[in-house]
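See below for the structure under consideration.
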Amino acid sequence: MGIENASSNKVFGGWQKQYTHPSAVLGCDMRFAIFLPPQAGNGTKVPVMYWLSGLTCTDENFMQKAGAFRVAAELGIAIVAPDTSPRGEHVPDDENEAYDFGKGAGFYVNATQEPWARNYRMYDYVTKELPELIKDHFPVSDEAVISGHSMGGHGALMIALRNPGTFKSATAFSPITNPINCPWGQKALGNYLGDDKSVWKAWDSSELMKAATASDARTPALVDQGDADGFLAEQLKPEALEAAAKASGYPLTLRMQDGYDHSYYFISTFIEDHIRFHAKHLGLS
């Protein structure tokens, strides 16, 4: 699969680049961003952190606002940030162009309902097509971790839970932890997956964590949530994830951060903690 470089910027001795490529899984052209630390400059293979962004975001939000490059460069961790949904004139969108469904809101699931099923397969894109493309074109190792924010926090936790052993660790900021029980999740899952709510549970981090058994290869998880987040009570529901972890004994650290909201000001404050958490589980520190 061919990729085309759209931009390159040197930062902290490494490179932040954007690429476009045709996606067979999503049936459209896609864009992703990648940070390659200086350690990758001599051909050494480095571990990779996949970052999944939230509603309305693209590959650019994290790369431009999070302030992650300094510590990633120090530790020798690549960062890959895909877009949040398929794009293109032929890709169906919410009929009212709502921000919480359709383009920009792929929710990291595989849609089964029309007209979404052809293009909205972000789960397969993030777990299969994109990692294969990254390994084919860049000096990254098989060791990976995953992180995300809001809808992307849902995606990061859910993907780690559905793929035990694939990721060394998972972290999330302000994740949608229980989408079957919040308006954002109910709208997305209902449209993408249909009316059978029993099907939704396979895409819900709290349900997956609650069902995790001691024999699973459990992915250590860190979640940061601001207590001044305007979406906290209605949409994010960290108490559901905390209860699920307690029920199954899952290795979850959930931190409520005083005074912080849902923004990248919050993310930039604690992103170093998350990257160092990953580095610990990657054996880099």
Side-chain angles (χ1 to χ4, degrees), residues 49-55 100 107-109 123 145-189 197-198 200-278 280-281:
M49 181 182 92
Y50 288 92
W51 173 269
L52 307 183
S53 291
L55 292 167
D100 57 354
F107 244 79
Y108 304 103
V109 302
Y123 177 81
V145 296
I146 191 164
S147 299
H149 171 231
S150 194
M151 177 185 72
H154 140 76
L157 294 174
M158 176 269 291
I159 287 171
L161 286 159
R162 284 176 61 110
N163 298 274
T166 299
F167 300 96
K168 297 293 186 180
S169 51
T171 73
F173 291 88
S174 316
I176 303 170
T177 69
N178 195 200
I180 66 173
N181 287 315
C182 76
W184 279 342
Q186 290 166 347
K187 180 177 183 179
L189 299 181
K197 294 185 179 180
S198 66
W200 301 2
K201 291 184 177 181
W203 306 94
D204 183 298
S205 297
S206 292
E207 294 292 329
L208 291 165
M209 191 171 286
K210 183 167 57 178
T213 67
S215 61
D216 291 332
R218 298 182 172 200
T219 305
L222 168 66
V223 171
D224 272 320
Q225 172 65 62
D227 69 2
D229 190 320
F231 301 114
L232 179 60
E234 183 179 31
Q235 303 284 10
L236 306 179
K237 303 184 182 298
E239 67 278 0
L241 191 71
E242 192 168 40
K246 184 176 181 180
S248 65
Y250 199 88
L252 168 71
T253 299
L254 194 156
R255 309 188 302 189
M256 295 298 297
Q257 302 291 2
D258 180 43
Y260 287 92
D261 58 19
H262 200 71
S263 71
Y264 267 85
Y265 296 110
F266 171 45
I267 294 170
S268 65
T269 302
F270 296 101
I271 190 61
E272 181 169 349
D273 286 1
H274 284 231
I275 295 175
R276 291 195 182 280
F277 178 85
H278 290 310
K280 175 184 174 182
H281 291 287

Point to revise | Interatomic spacing from CZ in R255 to CG in D273 - rounded to 0.5 Å | key: 4.5 Å

Review point. Are the side chain of R218 and the backbone of G249 linked by a donor-acceptor contact shorter than 3.5 Å?
Key: yes

Practice item. Would you please classify the geometry between the F270 ring and the Y260 ring as parallel, tilted or perpendicular, with 30° and 60° separating the classes? Key: perpendicular

Exercise for review: Classify the ring geometry between W184 and H262 as parallel (under 30°), tilted (30 to 60°) or perpendicular (over 60°).
Suggested key: tilted

Check your understanding: Which atom pair, heavy atoms only, marks the closest approach of S174 to F266?
Key -> OG-CE2, 3.4 Å

Review point. Can you name the side-chain contact (heavy atoms from CB on, under 4.5 Å) partners of P164, sequence neighbours left out?
Key: A217

Practice item. Given side chain to side chain contact (heavy atoms under 4.5 Å, CB included), test V145 with H281 step by step and report yes or no. Key: CA-CA 9 Å; V145 296; H281 291 287; 5.8 Å; no

Point to revise | Shortest non-hydrogen contact from G185 toward F107 | key: CA-CZ, 3.9 Å

Exercise for review: Could you pull out the closest heavy-atom pair between A156 and L52, with the gap in Å?
Suggested key: N-CD1, 3.6 Å

Exercise for review: Working to the nearest 0.5 Å, report the span between CE of M256 and CG of D224.
Suggested key: 9.5 Å

Practice item. Can you sort out the partners of S53 under side-chain contact (heavy atoms from CB on, under 4.5 Å), two or more places apart, ordered by chain and number? Key: W51, C57, F62, T84, Y264

Review point. Strictly under 6.0 Å, is that where the ring centroids of Y123 and W203 end up?
Key: yes

Check your understanding: To the nearest 0.5 Å, how far apart are CD in E239 and CD in Q225?
Key -> 9.5 Å

Practice item. Identify the two heavy atoms, one from S206 and one from A244, that lie closest to each other, and give their separation to 0.1 Å. Key: O-CB, 3.2 Å

Exercise for review: Would you check if P220 and K280 make a side-chain contact, meaning some heavy-atom pair closer than 4.5 Å?
Suggested key: no

Point to revise | M49 versus H278, closest heavy-atom pair with distance | key: SD-CD2, 3.7 Å

**Study point:** Pair T171-S147, side-chain donor/acceptor within less than 3.5 Å
**Key:** yes

Check your understanding: About how many Å separate OG of S205 and CD1 of I159, when rounded to the nearest 0.5 Å?
Key -> 9.5 Å

Point to revise | N178, N181, T177 screened by side chain to side chain donor-acceptor pair (under 3.5 Å) with D204, the one that passes | key: N178

Point to revise | Test item: D261 side-chain N/O and D229 main-chain N/O as donor-acceptor pair under 3.5 Å | key: no

Check your understanding: Do you know the tightest heavy-atom contact between I180 and E207?
Key -> CD1-OE2, 3.7 Å

Review point. Rounded to the nearest 0.5 Å, how far does CD of Q235 lie from CE of M151?
Key: 12.5 Å

**Study point:** CE-CD1 distance between M158 and I176, expressed to the nearest 0.5 angstrom
**Key:** 11.0 Å

Review point. Just wondering, do P238 and V223 contact through their side chains at under 4.5 Å, heavy atoms?
Key: no

